[in-house]
2 protein chains.
Amino acid sequence: MGVMTTRAESAAATRRALLDAAAELLDLGGPEAVTLREVGARAGVTRGAPYRHFTGKDSLLTAVAAECWERIGDQVHALRADPALSASEKLRGALRALIDVGRNQPHLYQVLFRRRANLPGQLGDGMDRLRRQLCGPEGDPAVADRAAERFQDEFLAVVAALAGERNARHYGALLLAGAHGIAGMELSGHLDMDKWHTSADELVDTLVRMVTDAGEMT
Amino acid sequence: MGVMTTRAESAAATRRALLDAAAELLDLGGPEAVTLREVGARAGVTRGAPYRHFTGKDSLLTAVAAECWERIGDQVHALRADPALSASEKLRGALRALIDVGRNQPHLYQVLFRRRANLPGQLGDGMDRLRRQLCGPEGDPAVADRAAERFQDEFLAVVAALAGERNARHYGALLLAGAHGIAGMELSGHLDMDKWHTSADELVDTLVRMVTDAGEMT
DNA sequence: CCGGTTCAGATGACACTGTCAACTGTATGA
DNA sequence: TCATACAGTTGACAGTGTCATCTGAACCGG
């Protein structure tokens with residue numbers, strides 16, 4: 001907690017500041033508003049500095065997304081450990097953890113579900129492998145993927161506790177897709193109360209009830 | 001079909017060419033690849049020409065999205081009129097109409113569900129109203145919204161034929177959100193077969209079966 | 001047939017972006 | 001102590017969206 005002097009500490013601090021600035025700009029005006037120049041300025045450095053911590057703008061945004069995946073992953077993990085909540089309450093909480101991101105940070109939410117770079121990459125550029133090895137401790141997209149997968153695993157565990165191991169995966173996919181769809185439609189303004197006579201919250205409740213009933217039937 | 005000479009015809013032709021070029025570029029490399037210069041070049045005009053037909057790049061992309069909404073709206077309409085299909089087959093077809101856009105034109109799909117401009121706009125800029133009045137026959141976002149709503153109405157009719165008027169709206173919203181979520185997760189690479197032990201098609205079948213069963217129960 | 005008008009399109013310019021190469025200075029470690 | 005690694009700076013470049021201005025030909029009232 002002392003005054004930071006070592007170079008490693010200082011570098012870590014700027015990296016953090018860059019991530020925070022990027023996240024803030026993303027919330028304010030979307031990916032277009034995340035300008036490396038402005039990010040640098042808010043972090044107290046200049047436009048070129050981010051390239052010492054990320055391979056580029058895309059890498060920076062991916063890192064922000066990764067932190068969000070980790071955050072909601074932790075959130076669901078905590079939910080899962082809470083003894084005061086019933087199984088279906090935990091499920092509702094997990095679904096809302098995702099949807100709330102869409103509500104509170106819509107632009108960030110869209111970055112979470114961005115089209116991934118070509119996964120196969122068997123050959124790729126060759127250049128890519130080298131870049132990742134040189135730049136970060138680990139390739140950024142890989143980190144984001146791991147974080148996303150962690151969230152999905154936590155989510156899966158919640159579903160399994162309610163619907164049983166057997167159907168957990170199928171239901172899990174359906175529920176996650178359902179929540180993602182609800183969040184996406186609300187976010188894009190296509191979930192109009194006047195048209196559908198229902199709300200995102202009601203739809204989430206329906207999802208929860210659906211799997212709860214099915215779980216009891218087994 | 002004769003040689004076009006009148007100015008109105010020529011202008012309409014370039015407008016069409018601009019839309020086609022934009023759609024093609026969008027498919028190839030996403031919104032970032034849709035460059036007004038390249039769009040103009042492919043349409044046989046120069047960079048400034050699109051501004052005679054659209055208020056800007058955003059307006060152009062919105063128009064492309066509107067045409068897609070119309071297309072799948074027509075598709076569902078045709079489905080609805082097909083006497084050879086059962087009610088649940090029609091529903092499956094409607095869901096797949098949307099999902100197939102996500103599969104075949106992923107970038108276009110994301111434009112369909114873009115975050116809408118601030119809807120309230122009671123006061124807005126004041127400038128906006130003026131611009132819309134001057135530029136197109138109608139404001140572009142309004143056109144896209146109408147086209148999207150048309151698709152939703154067609155979809156709603158398909159659901160109503162299966163689940164009854166009473167629950168049509170609630171189920172409709174749930175199904176549409178489900179399909180949107182499935183498409184979105186598949187598109188973003190988050191629907192991994194190894195993890196979920198299921199596929200987009202299976203999930204769609206589950207959705208259809210769900211509402212079919214519920215419809216029979218009433 | 002004619003002259004002015006309208007308007008699709010061309011062009012020049014501007015501010016701004018992501019990205020890289022080259023450079024600088026300082027903490028680090030032998 | 002001194003060479004080195006490396007976070008950060010700076011200059012430059014190719015694109016980008018957007019606007020103001022200009023041009024020329026189709027239009028239309030007389």
Taking the minimum atom-to-atom distance to the side chain of [X], which one of [options] wins?
| X | options | answer |
| --- | --- | --- |
| A:K57 | C:dT19, C:dG12, D:dT9 | C:dT19 |
| B:A11 | D:dG8, C:dA8, C:dA10 | C:dA8 |
| A:T46 | D:dA7, D:dT9, C:dA10 | D:dT9 |
| B:R37 | D:dT18, C:dG18, D:dA7 | D:dT18 |
| A:S10 | D:dG17, D:dG8, C:dT19 | D:dG8 |
| A:R52 | D:dA7, C:dT19, C:dG12 | D:dA7 |
| A:L36 | D:dT18, D:dT16, C:dG18 | C:dG18 |
| A:R47 | C:dG12, D:dT10, C:dG9 | D:dT10 |

In whole Å, what is the span from the [atom1] atom of [X] to the [atom2] atom of [N]?
| X | N | atom1 | atom2 | result |
| --- | --- | --- | --- | --- |
| B:L18 | D:dG17 | CG | P | 13 Å |
| A:E38 | C:dG18 | CD | C1' | 15 Å |
| B:F54 | C:dA8 | CZ | P | 12 Å |
| B:L25 | D:dT16 | CG | C1' | 14 Å |
| B:L60 | D:dT18 | CG | C1' | 14 Å |

Which atom of A:S199 lies closest to which atom of A:M193, heavy atoms considered: N-SD, 4.0 Å
Correct closest heavy-atom pair for A:R42 and A:A21 would be CB-CB, 3.7 Å
Working note: A:L19 + A:F54, criterion side chain to side chain contact (heavy atoms under 4.5 Å, CB included); need CA distance, chi angles, decisive distance, verdict. CA-CA 10 Å; A:L19 284 169; A:F54 308 93; 3.8 Å; yes
Between A:E154 and A:R150, is the closest basic N to carboxylate O distance under 4.0 Å? yes
Mark yes when over 12 heavy atoms from residues, nucleotides or ligands other than A:H170 sit less than 6.0 Å from its NE2; otherwise mark no.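 Counting other residues, nucleotides and ligands, NE2 of A:H170 exceeds 12 neighbours.
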Select base, sugar-phosphate, or nothing to describe what [X] touches, counting heavy atoms under 4.0 Å on all strands.
| X | result |
| --- | --- |
| B:T35 | sugar-phosphate |
| A:G56 | sugar-phosphate |
| A:V39 | nothing |

What is the per-nucleotide protein-contact pattern of nucleotides 25-30 of chain D, from the 5' end, where B denotes a base atom under 4.0 Å from a protein heavy atom, S denotes such proximity for sugar-phosphate atoms only, and - denotes neither? BBS---
Could you please spell out the steps behind the salt bridge (Lys or Arg N to Asp or Glu O under 4.0 Å) verdict for A:D82 and A:K90? CA-CA 8 Å; A:D82 190 338; A:K90 289 177 184 178; over 6 Å; no
Rounded distance (nearest 0.5 Å) linking atom [atom1] of [X] with atom [atom2] of [Y]:
| X | Y | atom1 | atom2 | value |
| --- | --- | --- | --- | --- |
| A:Q152 | A:W69 | CD | CH2 | 6.0 Å |
| B:F155 | B:L79 | CZ | CG | 11.0 Å |
| A:H107 | A:D27 | NE2 | CG | 8.5 Å |

Candidate pair A:D201 and A:R103, rule salt bridge (Lys or Arg N to Asp or Glu O under 4.0 Å), full reasoning: CA-CA 12 Å; A:D201 297 290; A:R103 285 186 172 156; 3.4 Å; yes
Quick test: give all pairs of protein nitrogen or oxygen and nucleotides 2-4 of chain C nitrogen or oxygen below 3.5 Å, distance rounded to 0.1 Å.
none

When you measure from the side-chain N and O atoms of B:Y51 to the phosphate of C:dG9, is any distance below 4.0 Å, counting only OP1 and OP2?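 B:Y51 to C:dG9 OP1/OP2: no side-chain N or O under 4.0 Å.
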